[in-house]
Amino acid sequence: FSLHMFGMWFGFVFSAGLVAFFVVELARTLKDQERSLAEARENALRDERVIALGTLAASAAHDMGTPLGTIAIVAHELEQEYPSHRYPDLYEKMLIMQQQINRCKDALSVMSASAGEMRAESGGVILLTDYIDDVIKQWRVHKPGAKLKPKKEKGPHGPGIMKEKL
């Protein structure tokens with residue numbers, strides 16, 4: 001009797017303890033997954049806000065760039081029409097205005113660059129051959145094992161590029 005009852009109780013307690021252990025572990029795992037999911041949602045919302053802010057900054061920079069470019073052109077024309085030796089007071093004011101325009105352009109360039117865009121005014125003229133050389137250098141960095149032998153010849157319309165027949 002006692003050994004039989006002891007075995008039954010031991011089996012019952014052991015089974016109940018095993019079930020309780022697995023239930024506790026399952027609850028802990030679910031809680032961890034819910035926490036991870038909540039963190040992922042928060043990160044997604046934060047990323048959405050950052051993207052929206054970047055888009056807003058790029059849009060504002062673009063919208064302000066056109067009138068600012070027009071103001072810069074008009075200021076340059078006024079500077080040409082009213083030389084500094086004949087209108088020194090106006091020239092000083094034009095110089096202040098040009099400095100402020102450049103300051104605004106710099107601020108817009110920073111806003112655009114931080115949003116992933118570059119202003120066309122921030123670039124410069126580059127020879128086609130120099131540009132192609134830069135592209136080839138960048139390409140060789142990414143594809144060091146590839147062979148490329150560009151051949152540059154000046155054609156009747158300026159610098160040209162020779163390509164292989166397919």
Side-chain angles (χ1 to χ4, degrees), residues 27-166:
R28 186 180 312 155
T29 303
L30 282 172
K31 191 180 287 186
D32 290 344
Q33 284 181 345
E34 286 176 5
R35 188 179 314 119
S36 296
L37 187 59
E39 287 175 8
R41 280 190 200 124
E42 286 178 21
N43 290 340
L45 285 173
R46 185 182 64 240
D47 291 346
E48 268 185 40
R49 288 185 200 126
V50 169
I51 289 171
L53 186 61
T55 303
L56 180 64
S59 176
H62 179 72
D63 291 345
M64 291 170 48
T66 302
L68 187 61
T70 304
I71 293 169
I73 290 170
V74 170
H76 181 70
E77 288 175 354
L78 287 173
E79 189 177 328
Q80 298 297 319
E81 289 178 21
Y82 299 98
S84 62
H85 64 280
R86 289 181 51 196
Y87 304 95
D89 291 341
L90 183 61
Y91 180 76
E92 286 180 28
K93 291 176 183 176
M94 291 297 298
L95 190 61
I96 292 170
M97 190 164 68
Q98 193 65 40
Q99 289 170 345
Q100 295 302 313
I101 289 170
N102 289 336
R103 185 174 169 202
C104 289
K105 283 183 179 182
D106 290 342
L108 288 178
S109 293
V110 168
M111 282 174 43
S112 295
S114 66
E117 294 182 4
M118 294 299 292
R119 290 178 53 86
E121 294 174 1
S122 64
V125 176
I126 185 170
L127 293 174
L128 177 62
T129 54
D130 293 341
Y131 175 75
I132 292 173
D133 288 340
D134 289 343
V135 170
I136 290 171
K137 284 178 191 172
Q138 291 175 6
W139 184 70
R140 283 188 175 141
V141 167
H142 296 291
K143 305 274 186 186
K147 302 289 184 205
L148 177 69
K149 295 179 184 177
K151 184 178 178 183
K152 300 179 215 172
E153 292 183 9
K154 286 201 174 192
H157 303 292
I161 300 173
M162 297 294 293
K163 69 176 185 173
E164 294 181 12
K165 290 183 181 179
L166 298 176

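Numbers here are sequence positions counted from 1.
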### Message
Checking the side chain of S36 only, and the main-chain atoms of D32 only, is there a donor and an acceptor separated by less than 3.5 Å?
### Response
yes

### Query
Say you draw a straight line from CD1 of I71 to CG of L78; how long is it, rounded to the nearest 0.5 Å?
11.5 Å

### Query
Got a second to check how far I101's CD1 is from H76's NE2, nearest 0.5 Å?
11.5 Å

#### Entry: Distance (rounded to the nearest 0.5 Å) between Q80 CD and M94 CE
9.5 Å

### Message
Could you tell me if the side chain of R103 sits less than 4.5 Å from the side chain of Q100, heavy atoms only?
### Response
yes

### Message
I need the D63 CG to L68 CG distance, nearest 0.5 Å.
### Response
12.5 Å

#### Entry: Inter-residue atom distance L30.CG - R35.CZ, 0.5 Å rounding
12.0 Å

